[in-house]
Number of protein chains: 2
Amino acid sequence: MNSPTSQERLFSIAAVARDTGLSMDTLRVWERRYGFPTPERDVHGERVYPAGQVDRLRLIRRLLDSGRRPSQVVGLGPDALAALLEPEAPRSQGPSPAGRATEELVALLRLHRSAELATALNQALLKQGLQRFVVDAVAPLNQEVGEAWLRGDIQVTEEHLYTEQVQNVLRRAIGMQAASGSRPHILLTTLPEEQHGLGLLMVEATLVPEGASCLSLGPRMPLADIARAVEGGDFDVVGLSFSLAYPARQAMEHLAELRALLPPTVEIWAGGGGLRARSRAIPGVRIITELGGALEALREWRQARPDSGPRTAHLPGA
Amino acid sequence: MNSPTSQERLFSIAAVARDTGLSMDTLRVWERRYGFPTPERDVHGERVYPAGQVDRLRLIRRLLDSGRRPSQVVGLGPDALAALLEPEAPRSQGPSPAGRATEELVALLRLHRSAELATALNQALLKQGLQRFVVDAVAPLNQEVGEAWLRGDIQVTEEHLYTEQVQNVLRRAIGMQAASGSRPHILLTTLPEEQHGLGLLMVEATLVPEGASCLSLGPRMPLADIARAVEGGDFDVVGLSFSLAYPARQAMEHLAELRALLPPTVEIWAGGGGLRARSRAIPGVRIITELGGALEALREWRQARPDSGPRTAHLPGA
DNA sequence: ACCGGTTTTTGTCCAGGACAAAGCACCTCT
DNA sequence: AGAGGTGCTTTGTCCTGGACAAAAACCGGT
């Protein structure tokens, strides 16, 4: 009860791993190789990290996520780290990457303005309609929030608040759409190491108005269970979302694995920022690089099976 | 493409850890101590688990969750494991613990009946009203689903589906309630190791109709960030939810830690199945053992500050 | 029957080594 | 000059086998 702020708090290696997203192995090997972090030891000889080093590790994590390599940044002092993080912003200096509306919404991302944020989101939804709302409002907001978080302009709490509010709006809107039962039947989920579930809702919000039957299982579904669900479920498509934070290498690997588990008649659509077109394509897996691509995939699927959907094409010609 | 089913699939230790919830350390130490699992080795000498052993590990995990100890069950053959899992059911043989309505809902928990499930949930909500819906329908359903999952009656996908649907219903209902802005201001979240976010929504759904201003940050918020949010946020209460799956020991520990971080004027309300009244109370932390307790806490808070809420008491007498 | 102390069980952490996959620079061939 | 291969460096993950503390189970005494 003395002075909780003055005496710096200490964290176990497991706690640090949780808070930073770095594995315990990585933390130990960095210490060995780069001389940072330099945890103290408790009575039992176990690593104990002061809060300052944890913060520094978080900065490093941000730099890694934005493309740097560990040898460049681990072991840099706090000031040097800050200097590296700053120049990120002006790289797209001209007209702000997101529209003005987006910026105004970001400004509402403070805890005491949550109600206003909800109102603004709902208004945008009403004005634009669900699909355009997702593409024109939520998607750029997502990106902006992500970047702001990378820069440290936004607190964890505010990022969570944002996620919650958008989720509320999207879920309500999706619920409004009557379940059509028409084809294709799409199973939506993410792989187990995915952290963010928002992308899933965005896809669902895009597809449901088109009359597709989406069944969302939420995030973090083991591969084997996806396969089992598809076996007994009469699905045409499995849709997967990969956020930017997704461990890049594993994505393709797991997709290939899943492809092997599913019957070839079931398509796999995979999308999201975590799938930059780095690797070559996997046969039988459709990579969707932007939100609109989901609509395109849907259209093509229906064209290939003209007997399925109730309202396949709007115009006979185009 | 030969025969994907005949040749058993192989999993890396990391994959098994993800799928079973056991840590890699635990998997290795079990192998050393109990002689199970017995993974093969790949070209590089790394452990490689056949699918059969992974399934067996999942069974073991269930038994551990239901109270057994590793020495009893690790190393048991598949048949012995199944025998142990079976007798769980008839223990509450009489009138089914959950009402009939609950059982009917559980029966809808199949992937191809998701629409019916949603409809049934919504009907129940309309009939009972939000608060009673949470207490009388969702809470027993939660428990029933949890038990069914433990017994293996329910697939992972179905459990996720349930969570998604209930979330949809609750979020919509909560959104309907106009934000009152009146006291108390409650910050709702869970600690980082919490897996389930449903409890949070249930609390919110209970409190919002009473005119409390709830701000939910969703699950998995680091302690430090909770403290930072409260500092600048004008909150009266921090509400935390602990599911049954929460690592029991750490709960009290972390609550004490959080209590030290927050100003003493801010109350902490903690509830959920993860807090069996095992340990002694922490001063300044209110442990809420059942859902109704949240309402009670709210009432007492307002009684202690008669000037705050707009509609504190309904009747002057009782 | 309950309670305090002792023993067993069990998960986590440690050190330090090894290696493959990814990234990167350089070089060659068309 | 660009496409593509080759070799070096970086980096995260996995390995072994040991140690130990917290929790659970046990046990004997009142």
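Throughout, a chain's letter reflects where its sequence line sits, starting with A, and its residues are numbered from 1.
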Acceptor/donor pairs from residues 13-23 of chain A side chains to any protein atom, 3.5 angstrom cut, sequence neighbours excluded:
unit_1	atom_1	unit_2	atom_2	d
R18(A)	NE	E193(B)	OE1	3.1
R18(A)	NH2	E193(B)	OE1	3.4
T20(A)	OG1	V16(A)	O	2.8
T20(A)	OG1	L22(A)	N	3.2
S23(A)	OG	D25(A)	N	3.4
S23(A)	OG	T26(A)	N	3.0
S23(A)	OG	T26(A)	OG1	2.9

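Of the listed nucleotides (dG12(D), dA19(D), dA25(D)), dG12(D) has the atom at the smallest distance from the side chain of T26(A). When each of dA25(D), dG11(C), dC15(D) is scored by its nearest atom to the side-chain atoms of V29(B), the top-ranked nucleotide is dG11(C).
If you check every strand for non-hydrogen atoms under 4.0 Å, R32(A) touches a base.
Salt-bridge annotation for D65(A) and R62(A): absent, with no side-chain N of the basic residue lying under 4.0 Å from a carboxylate O of the acidic one.
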Pair E31(A), T38(A) - check side-chain hydrogen bond (donor to acceptor under 3.5 Å, both in side chains), show working. CA-CA 6 Å; E31(A) 182 181 341; T38(A) 53; over 6 Å; no
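The stretch residues 14-24 of chain B comes close to DNA chain D through A14(B), M24(B), each having a heavy atom under 4.0 Å from the strand. The stretch residues 34-44 of chain A touches DNA chain C through R41(A), each having a heavy atom within less than 4.0 Å of the strand.
Taken from CG in L255(B) to CG in L240(B), the straight-line distance is 6.0 Å, to the nearest 0.5 Å. Atom CD in E40(A) sits 7.5 Å away from atom CD in Q53(A) (nearest 0.5 Å).
Protein atom CG of L57(A) is 12 Å distant from nucleotide atom P of dG12(D), rounded to whole Å.
Phosphate proximity of dC15(D) to R28(B): present, with a side-chain N or O under 4.0 Å from OP1 or OP2. Put simply, S71(B) has a side-chain N or O that comes within less than 4.0 Å of OP1 or OP2 on dT10(C).
Nearest-nucleotide mapping onto DNA chain D: of Q72(B) and Q72(A), the residue sitting toward the 5' end is Q72(A).
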